[in-house]
Amino acid sequence: MKYTVTITIRLKEGMLNPEARAIQHALKNLGFQTEDLSTARLFRITLEAPDAEAARKTARQMCDRLLANPVIHEYTIEVE
């Protein structure tokens with residue numbers, strides 16, 4: 001069965017996020033005040049798996065082996 005897996009990867013709390021700071025500064029220059037801003041990477045992957053839990057396990061392996069650095073990132077996985 002085919003599943004669509006959505007993986008969202010963010011920096012852990014306390015990690016410096018220069019991209020977010022630059023965007024927040026640019027928004028301020030455009031007149032938009034923001035209290036906080038963070039960035040994340042989103043991956044939508046379609047894969048073949050026998051069930052939703054197997055799709056989730058495969059996505060977790062993708063994160064652990066390539067997509068996320070466990071020292072600085074946290075991630076969430078949604079299976080559709």
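Just the heavy atoms: all of them, side chains too, but no hydrogens, waters or symmetry mates, feed the values below. What you see is a predicted model; the values in this text were computed from it and never measured.
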So does Leu16 have more than 12 non-hydrogen atoms from other groups sitting under 6.0 Å from CG? no
With sequence neighbours left out, write down each residue that passes side chain to side chain donor-acceptor pair (under 3.5 Å) with [X], or none if nothing qualifies.
X     : answer
Ser38 : none
Asp64 : Tyr75
Asn17 : Thr39

Just so I know, are the side chains of Tyr3 and Ile45 near enough to count as touching, which here means a heavy-atom distance under 4.5 Å?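 Not touching, per the 4.5 Å side-chain cut-off.
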What I'd like to find out is whether the side chain of Leu11 reaches to under 4.5 Å of the side chain of His73, using heavy atoms alone. yes
Under the salt bridge (Lys or Arg N to Asp or Glu O under 4.0 Å) rule, what pairs show up with a residue in [range], not counting sequence neighbours?
range          : value
residues 32-42 : none
residues 18-28 : none
residues 68-80 : Arg44-Glu80

Please list, chain by chain and in numerical order, all residues satisfying side-chain contact (heavy atoms from CB on, under 4.5 Å) with [X], sequence neighbours excluded.
X     : answer
Ala59 : Val5, Ile7, Ile77
Glu13 : none
Leu27 : Ile23, Phe32, Thr34, Leu37
Ala40 : Thr8, Arg10

By the rule that ILVMFWY residues connect when side-chain heavy atoms come within less than 4.5 angstrom, directly or transitively, which residues belong alongside Leu42?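 Direct or chained contacts put Leu42 with none.
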Report the C-alpha separation of Lys2 and Leu47 in whole Å, then their side-chain angles, then the decisive distance to 0.1 Å, and conclude whether the side chain to side chain contact (heavy atoms under 4.5 Å, CB included) test is met. CA-CA 6 Å; Lys2 288 188 181 182; Leu47 54 86; over 6 Å; no
Between Leu67 and Val79, is there shared hydrophobic-cluster membership here, with clusters defined by ILVMFWY side-chain heavy atoms closer than 4.5 Å? yes
Verify, without hydrogens or angle tests, whether Lys12 (side chain) and Pro70 (backbone) share a donor-acceptor contact under 3.5 angstrom.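 Between the backbone of Pro70 and the side chain of Lys12 there is a qualifying donor-acceptor contact (under 3.5 Å).
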